Q: 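Here it is, the structure in full.
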Amino acid sequence: MMRTSLLATLVFVLSAALAGAQSGPSPQEQMACRSDAGKFCAAHIGKPPQMNACLKENKTRLSDSCRKVVESRGG
């Protein structure tokens with residue numbers, strides 16, 4: 001019984017971790033916005049919610065590739 005409970009908890013934690021990882025930017029998306037993030041939003045590096053908001057606010061100033069990433073993510 002305890003082994004089953006432990007296994008169920010482990011599966012739940014791993015599922016949640018994978019779901020969270022999938023919602024973040026892919027390595028390709030990060031590379032597309034790396035320069036723009038450093039140029040316009042350096043104060044928000046390491047703070048994903050603030051970085052996303054900053055990139056959205058600066059959408060008209062972003063490179064084409066980063067703008068496409070921001071727009072594909074609802075910005």
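All values reported here derive from a predicted model rather than from experimental measurement.
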Q: Would you check if the side chain of Arg73 reaches a backbone N or O of Gly24 as a donor-acceptor pair within less than 3.5 Å?
A: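 Confirmed, Arg73 side chain pairs with Gly24 backbone.
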
Q: Measuring from atom SG of Cys66 to atom CZ of Arg61, what distance do you get when rounded to the nearest 0.5 angstrom?
A: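 These two atoms lie 12.5 Å from each other.
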
Q: Can you get from Ile45 to Val70 by hopping between Ile, Leu, Val, Met, Phe, Trp and Tyr side chains that sit under 4.5 Å apart?
A: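 Yes, Ile45 and Val70 fall within the same hydrophobic cluster.
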
Q: Please examine the side chains of Val69 and Ser65, heavy atoms only from C-beta on, and report whether any two atoms are closer than 4.5 Å.
A: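 No, their side chains stay 4.5 Å or more apart.
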
Q: Are any side-chain N or O atoms of Lys59 and backbone N or O atoms of Arg67, one a donor and one an acceptor, separated by less than 3.5 Å?
A: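 Judged by distance alone, no pair lies under 3.5 Å.
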
Q: Show your reasoning for whether side-chain contact (heavy atoms from CB on, under 4.5 Å) applies to Glu29 and Ser72.
A: CA-CA 10 Å; Glu29 290 173 327; Ser72 75; 4.1 Å; yes

Q: Could you report the tightest heavy-atom contact between His44 and Cys54, atom names first, then the distance?
A: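 What the structure gives for the nearest pair is CD2-CB, 3.7 Å.
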
Q: Counting only N and O atoms by type, is there a donor-acceptor contact under 3.5 Å from the side chain of Asp36 to the main-chain atoms of Ser63?
A: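 Yes: the side chain of Asp36 pairs with the backbone of Ser63.
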
Q: Rounded to the nearest 0.5 Å, what separation is found between the CZ atom of Phe40 and the OG atom of Ser35?
A: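 So the gap between those two atoms works out to 8.0 Å.
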
Q: What's the spacing between Leu62 CG and Lys39 NZ if we round to 0.5 Å?
A: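 That separation rounds to 9.5 Å.
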
Q: Could you go step by step and tell me if Leu55 and Cys41 meet the side-chain contact (heavy atoms from CB on, under 4.5 Å) rule?
A: CA-CA 7 Å; Leu55 290 172; Cys41 306; 4.0 Å; yes

